[in-house]
Amino acid sequence: MRLSRSFIPTLKETPAEAQIASHRLMLRAGLVRQTSAGIYAWLPLGFRVLKNIERIVREEQDACGAQELLMPTIQPAELWRESGRYEDYGDEMLRITDRHERDMLYGPTNEEMITALFRQSVQSYREMPQILYHIQWKFRDEVRPRFGVMRGREFLMKDAYSFDMDYAGAVVSYRKMMLAYMRTFQRLGLKAIPMVAESGPIGGDLSHEFIILAPTGESQVYYDAAFEEIDYLSRGAGGFSHDSADDLHRFFQLMTTNYAATDDKHDPVAWQKVAPERRREGRGIEVGHIFYFGTKYSRPMNCTVAAPDGSKVHPEMGSYGIGVSRLVGAVIEASHDEAGIIWPDSVAPFKAAILNLRRGDVACDAMCEALYAKLGASALYDDREERAGAKFADADLMGHPWQIIVGPRGAAAGKVELKRRATGERGDATPEEALARI
Ligand code: 5CA
């Protein structure tokens with residue numbers, strides 16, 4: 001994309017309403033704009049990041065055997081009356097009445113709807129187990145939406161739901177999903193740690209939150225650095241396969257024996273047993289949450305499946321959420337500096353920015369156009385009539401992993417300067433060398 005033609009409204013001033021780094025940077029770099037309290041429009045730069053995160057989340061869900069579908073945002077109140085949650089959910093639920101006076105709502109989550117869909121179509125143990133997911137907008141009328149997309153009212157969530165014949169099967173689904181989560185977060189460049197959690201309004205008796213450290217997090221957390229040393233993506237020796245019960249068991253042991261706790265579950269005595277140099281503590285942001293809740297929905301909603309002996313069994317269920325839009329903010333919280341965002345390569349909106357330091361200079365223009373032709377959609381070409389200083393500042397603010405800097409002296413000698421945003425390292429290169437490196 002040519003920056004001169006793009007819709008990336010950056011701000012020079014720090015917006016007064018933004019209290020945390022990610023919110024400030026998302027506004028300043030032109031990623032989002034608020035349209036009502038806690039509701040955001042995603043502008044082109046932010047939307048590219050959101051789509052990249054969504055793609056990684058989807059790939060890891062598909063890889064563990066979950067199947068994608070798409071449920072609507074608007075749900076009938078009827079379903080929620082069946083589970084008994086219509087009244088319980090309280091003011092966080094946005095309730096709507098249609099023209100026929102039917103009670104509807106904007107979905108805050110989808111346990112009821114997926115159970116109803118499953119109940120209509122799956123009758124036999126032969127079709128089990130199943131894990132279904134979608135990536136869809138949710139609405140929760142939070143009392144205090146804040147920190148930009150981190151605690152919005154409308155937000156994008158990946159929510160998955162598992163159906164098993166018995167407890168043993170449900171445990172396997174839970175572990176598979178936990179592994180998919182650790183892979184997802186590693187690919188996003190995040191160190192997310194699973195911590196035992198309360199299950200809140202979703203219900204159930206087994207639950208983990210996935211938490212990353214960031215100074216602006218909402219809760220105090222403690223964990224053993226061992227979590228950070230595991231390569232969750234490795235498929236070789238010591239790696240984990242979704243299809244091996246032994247691997248899943250070994251993986252779950254690792255996740256639950258190393259120390260990790262939020263403030264309310266913190267055990268100072270156990271913490272003292274962790275070697276001091278391995279203790280990590282700080283504020284934490286929740287980027288995902290998984291729940292096992294057995295028959296909490298399948299029983300009241302009369303969802304059954306025939307077992308091999310002909311008896312009717314209520315499926316054992318779990319649900320698994322990732323805050324896709326929250327992750328855009330969380331990645332920035334984990335990766336930025338004074339000058340702006342530092343995107344991990346996997347989610348960056350553009351792989352590289354091409355900075356033309358002297359537009360109108362024949363050699364600069366020709367070299368930039370040639371680079372842009374090669375990189376295509378993966379590059380943002382800063383072809384504006386702006387001072388070099390402004391171009392450097394905007395490229396740092398937007399956080400592209402690479403900057404290819406083209407100035408008149410270099411261009412005359414057939415050279416560009418290549419800068420790595422994360423380290424600040426710079427070096428001369430020919431255009432070909434620069435293209436080969438990025
Ligand atoms: N039904 C379950 C799992 S599918 C559920 O709704 N879980 S949840 O309430 O924990 O939400 C899942 C994830 O959505 C959270 O871990 C968080 O990352 C994200 N999330 C929740 N509320 C918000 C919000 N107000 N703004 C942005 N993200 C949110």
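Note that these values count all heavy atoms, side chains included, but never hydrogens, waters or copies made by symmetry. Since this is a predicted model, take the numbers as computed values, not measurements. Both counts, for ligands and for their atoms, begin at 1 and track the order of listing. Nothing fancy with the numbering, it's 1 onward along the sequence.
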K.L.:
Y223 ring centre to R280 NZ or CZ under 6.0 Å, with the angle to the axis within 45°?
P.N.:
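Not flagged: R280 not positioned over aromatic ring of Y223.
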K.L.:
Using distance alone, with no hydrogens and no angle criterion, decide if E316 and Y292 have a side-chain donor and acceptor under 3.5 Å apart.
P.N.:
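Short answer, yes.
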K.L.:
Which ligand 1 atoms, with their elements, are less than 4.0 angstrom from a heavy-atom of V149?
P.N.:
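This gives 27 (C) as the contact atoms.
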K.L.:
Which option, G148, A197, G152, owns the non-hydrogen atom nearest atom 26 (N) of ligand 1?
P.N.:
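Comparing heavy atoms across G148, A197, G152, the nearest one to atom 26 (N) of ligand 1 lies in G152.
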K.L.:
Taking all non-hydrogen atoms of both residues, which atom of A214 and which atom of I285 are closest, and how far apart?
P.N.:
CB-CD1, 3.6 Å
K.L.:
For Y161 and ligand 1, does the shortest N/O to N/O distance drop below 3.5 Å?
P.N.:
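Such a contact does not occur with ligand 1.
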K.L.:
Is it true that the side chains of Y181 and K158 contain a donor and an acceptor less than 3.5 Å apart?
P.N.:
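Yes, because at least one side-chain N or O of Y181 sits under 3.5 Å from a partner of the opposite role on K158.
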K.L.:
Any donor-acceptor pair under 3.5 Å linking the side-chain atoms of D231 with those of Q186?
P.N.:
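Yes, D231 and Q186 have a side-chain donor paired with an acceptor closer than 3.5 Å.
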K.L.:
Ignoring hydrogens and angles, state whether a donor on the side chain of S207 or H289 is under 3.5 Å from an acceptor on the partner side chain.
P.N.:
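The answer is yes; a qualifying pair exists.
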K.L.:
Nearest non-hydrogen contact with atom 27 (C) of ligand 1 belongs to which option: E92, M150, E111?
P.N.:
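Residue with the shortest heavy-atom distance to the ligand atom: M150.
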K.L.:
So, 4.0 Å and heavy atoms of K138: is ligand 1 close enough to count as a contact?
P.N.:
no
K.L.:
For ligand 1, note which part of N110 has a heavy atom under 4.0 Å away: side chain, backbone, both or neither.
P.N.:
neither
K.L.:
At under 4.0 Å between heavy atoms, which part of L327 makes contact with ligand 1: side chain, backbone, both or neither?
P.N.:
neither
K.L.:
Tell me the nearest of F210, F291, F155 to atom 22 (N) of ligand 1, using heavy-atom distances.
P.N.:
F155
K.L.:
Can a salt bridge be assigned to the pair R187 and E59 using a cut-off of 4.0 Å between side-chain N and carboxylate O?
P.N.:
yes
K.L.:
At a non-hydrogen distance cut-off of under 4.0 Å, which region of E286 contacts ligand 1 (side chain, backbone, both, or neither)?
P.N.:
both
K.L.:
Go through ligand 1 atom by atom and flag the ones less than 4.0 Å from a non-hydrogen atom of D159.
P.N.:
4 (S)
K.L.:
Give the atom numbers and elements of ligand 1 that come within less than 4.0 Å of a heavy atom of G288.
P.N.:
16 (O)
K.L.:
Where do I193 and A260 come nearest, in terms of heavy atoms and distance?
P.N.:
CG2-CB, 3.9 Å
K.L.:
Determine, considering heavy atoms only, which of H289, M157, R140 sits nearest to atom 9 (O) of ligand 1.
P.N.:
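Ranked by closest heavy atom to atom 9 (O) of ligand 1, first place is R140.
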K.L.:
Quick one: does S325 get a heavy atom under 4.0 Å from ligand 1?
P.N.:
no
K.L.:
Would you please classify the geometry between the Y372 ring and the Y381 ring as parallel, tilted or perpendicular, with 30° and 60° separating the classes?
P.N.:
tilted
K.L.:
Give the atoms of ligand 1, by number and element, whose distance to some non-hydrogen atom of V287 is under 4.0 Å.
P.N.:
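Answer, ordered by atom number: 16 (O), 18 (O).
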K.L.:
With a 3.5 Å cut-off and no angle check, do the side chains of S162 and Y320 form a donor-acceptor pair?
P.N.:
yes
K.L.:
Of all the atoms in ligand 1, which lie at a distance below 4.0 Å from a heavy atom belonging to G323?
P.N.:
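Going through ligand 1 atom by atom, the ones under 4.0 Å from G323 are 13 (C), 14 (O), 18 (O), 19 (C).
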K.L.:
Indicate, with yes or no, if the rings of Y222 and H266 have centres closer together than 6.0 Å.
P.N.:
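Between Y222 and H266, the centre distance is under 6.0 Å.
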K.L.:
How does R153 reach ligand 1, by side chain, by backbone, by both or by neither, if only non-hydrogen atoms under 4.0 Å count?
P.N.:
neither
K.L.:
Taking 4.0 angstrom as the limit and counting only heavy atoms of Y320, give me the atoms of ligand 1 inside it, by number and element.
P.N.:
3 (C), 4 (S)
K.L.:
Checking the N or O distance criterion of under 3.5 Å, is ligand 1 in contact with T109?
P.N.:
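For ligand 1, there is an N or O atom that lies under 3.5 Å from one belonging to T109.
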